Amino acid sequence: MTHDVSIPAQMRQLIDLLAQHNHAYYVMDQPTIEDSEYDQLFQQLKTLEAQYPEYLQADTPTDKVGGKALPKFENVTHVVPMLSLGNVFHQDDLFEFDRKVKERLPHQQVQYDVELKFDGLAISLWYEHGVLIRAVTRGDGETGELITENVKTIRNLPKVLCSTHQPVPELLEVRGEVLMPKAGFEKLNAQNAAKGEKLFANPRNAAAGSLRQLDPAIARSRPLAFYAYGIAQCQPHHEQSTMSASLAWLTQFGFAIGEQHFICDSIEEVQQRYDEINQLRAQLKVEIDGVVIKVDDLKQQQQLGFLSREPRWATAYKFPAVAALTTIENIDWQVGRTGTLTPVARLNPVAVGGVIVSNVTLHNIGEIHRLDVRIGDTVSVYRSGDVIPKVEKVWPEFRPQTALAVHLPEQCPVCDSPVVMPEGEALARCSGGLYCAAQRIEAIRHFVSRKALDIEGLGDRWVESLLHLDLLNNVADIYSLHQHREQLLSIEKMGEKSVQNLFDAIENSKKTTLAAFIYALGIRGVGETTARMLAQTFQTLDALQAADLEALKKTPDVGAITAEWIVDFFQAPHNLEVLQRLLAAGIHWDAPIAPTRQPLNGESWVITGTLSQMGRDQATQMLQALGARVSGSISSKTKCLVAGEKAGSKLEKAEKLGVSVMNETEFLALMAEYGQNL
Ligand code: IVH
């Protein structure tokens, strides 16, 4: 028999390509291609290997799981290896999977458990007598990284198991996925974009990046969640006879499982559920990339066993990619309320996951450089569920010669003022301030928005007309509009009634809260939460205006840069004049009530041992200022133990109960993050 001589070369090329992408995905957390593209390459290699087994290469990835653990965390060998799953992509492959299952289970009824296929990071959790002892990443399936401290910061994950219905097993090893739910991911990226920091490509990368942090305080600040999908070991045995029952059993100990799962009597029903879940995908809280189909009966699972590194009793049924290729027609720069210039790519409109996408934000010039995107480029646009569409990848191989590199404009596209990019900052801004119509209009829009002074009647149409008539140059002018009733009535379609409604809404807005007023001012870096923290900390506008950098930095949520922006804001004569006019117009608020939202609110902390840089009293005060209770004894409800030198029995007890422990340096770093400095 003769073979095409290029087969081994083809295999070699595929293996090398897959190894590169594997490294980028598993080790660098920076995928270089779509998952579906990776799967296609992998499938191609598998097909070649099935056809030409005599050319099988020793280093083929088809009989291993994935990347190597990074050296920075301690490596741990899994007692029960963390295996992989086979994939199917089409109904035919699914039916073939069912046929093979049935072939090995002759004359048996088979039910399938259909679960969400979470797109996060697989981890293994080891509990002894109900206490979480260690958490390990999948790594290459044999050996993973010990990330216990980071995992303990995940809020929906039980650190200590207790159940009123079940005895707690002596040993329980739970497998599941760490994810960043979509809402948290979008918030984190929006915060990073506002700070000009690097954005995460997708929730999976954000979760991976957060778990890889050597500092658990960073992991703690990230909105991660854990979903269980299996039990690797349980002693004594749990007595559940099906996959679905064992997951339900886990929920009694406080584990979260997928929002949806189904038991199906036939493979046709599995297909139907797959279609349903695909439809529902956008509404799910978490990112999924398909479903996992498992033979539900655990005895049948045992009978089926494994082939190479994959169970014969389960397979992943992936969704088609929600990415599409299109071209970049142009890149416009939009000017925001604080003058920030944001590049927006105008696309050749394209359907992505059922929605037509024609614009996509590129966030900042750094992102343009990172992607190396040019006008005329072909790009993959990715959208999943309600995650905002984004350019995931540029395809340089399709770049036309006419492609145009994108430069930061030197002048503001709205007012022609010079564009500045202060050193150390990633965001470019228009230097025109309130001279710039874009900034004026955005500042007014922000001021009247619901979470600010909430002037419902002053919609965009009004704002634009009033700017045009020169009646609204800054937010204080809102409160002089009543002097221009006749002029307002002259605006087309503005009848007596709508003008009166507007005046009423303006009058009602005068009673507000200090937090809403601070937020409404539109100070850079001061969002809703920061404004609330500032109001709680300073209690009066006068105190906030008088605050120096040091005092501001002690406010939870206020970092050094935001503190500078606040000081700058209250130093600008123009802003002081606007403030005076607003207060003179009668804007007022009740004195803020005692702090209610504090980052450690309700948490119970314990301090033990000798602290070298402060007394225990001072540490207690810092914790209390952030809302924590400081208690003298450890229990399973204790959130964290701060352990100084010569910590004794409390440390032992905390370790036994799986309570997080921080040393003095970690504690001070966390306090500093919340603005509590020595
Ligand atoms: S069960 C023997 N169930 O998919 C392996 N895995 O491609 C049994 N995954 O490493 C795995 N959701 O990280 C299972 N509901 C689910 C899952 C799931 C996501 C991941 C898991 C695994 C990968 C394999």
Side-chain angles (χ1 to χ4, degrees), residues 18 22 25-26 31 35-36 38-39 42-43 46 61-67 69 78-89 97 112-125 135-145 147 151 173-181 203-205 207-208 211 224-233 242-244 246-248 250-251 255-264 270 273-274 277 281 284-296 298 301-302 304-319:
L18 286 164
N22 245 349
Y25 184 88
Y26 285 105
D35 286 359
S36 58
Y38 179 92
D39 291 337
F42 196 87
Q43 240 8 77
K46 267 187 143 175
T62 57
D63 66 354
K64 336 189 183 63
V65 179
H78 296 292
V79 177
V80 179
M82 293 186 77
L83 303 181
S84 191
L85 276 178
N87 282 321
V88 297
F89 293 93
F97 166 77
Y112 290 109
D113 171 38
V114 176
E115 296 173 18
L116 303 182
K117 183 169 189 315
F118 305 111
D119 194 10
L121 268 102
I123 61 163
S124 189
L125 302 172
V136 184
T137 63
R138 183 174 74 158
D140 64 2
E142 299 289 339
T143 303
E145 293 167 326
I147 50 160
V151 165
E173 192 181 355
V174 177
R175 300 269 161 96
E177 202 94 344
V178 174
L179 302 158
M180 188 172 289
R204 204 203 80 85
N205 284 15
L211 276 189
L224 297 175
F226 174 81
Y227 292 88
Y229 57 62
I231 299 172
Q233 301 188 70
T242 61
M243 189 69 228
S244 46
S246 41
L247 291 185
L250 283 179
T251 63
F255 289 99
I257 58 171
E259 289 162 65
Q260 299 266 343
H261 76 116
F262 300 100
I263 303 298
C264 299
V270 170
R273 294 301 191 185
Y274 164 89
I277 295 174
R281 190 174 176 189
L284 296 176
K285 289 196 212 83
V286 300
E287 190 80 48
I288 59 170
D289 57 351
V291 299
V292 178
I293 295 144
K294 302 175 183 173
V295 169
D296 197 34
L298 298 180
Q301 288 191 358
Q302 240 175 4
L304 288 161
F306 295 82
L307 175 66
S308 179
R309 315 301 314 275
E310 293 169 4
R312 285 204 192 88
W313 45 263
T315 191
Y317 189 2
K318 296 274 199 83
F319 293 138

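Side-chain atoms are counted along with the backbone in the values below, which use heavy atoms only and exclude waters and symmetry mates. These numbers were taken from a predicted model, which means no experiment stands behind them. Every number for a ligand or one of its atoms is a count from 1 in the order of the listing.
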Please check this pair: side chain of [X] against backbone of [Y], looking for a donor-acceptor N/O pair closer than 3.5 Å.
{"X": "Q233", "Y": "V80", "result": "no"}
{"X": "T137", "Y": "G144", "result": "no"}
{"X": "R175", "Y": "A232", "result": "no"}
{"X": "R281", "Y": "I288", "result": "yes"}

Distance dump, ligand 1 polar atoms to protein, N/O, under 3.5 Å:
from	atom 1	to	atom 2	distance (Å)
ligand 1	3 (N)	K294	NZ	3.1
ligand 1	4 (O)	K117	NZ	3.2
ligand 1	10 (O)	R138	NH1	3.1
ligand 1	12 (N)	F118	N	3.0
ligand 1	13 (O)	E177	OE1	2.6
ligand 1	13 (O)	Y229	OH	3.1
ligand 1	15 (N)	E115	OE1	2.9
ligand 1	15 (N)	L116	O	2.9

Proximity of Y274 and F319 rings by center, below 6.0 Å: yes
Pair L179-E287, side-chain contact (heavy atoms from CB on, under 4.5 Å): steps then yes or no: CA-CA 8 Å; L179 302 158; E287 190 80 48; 5.6 Å; no
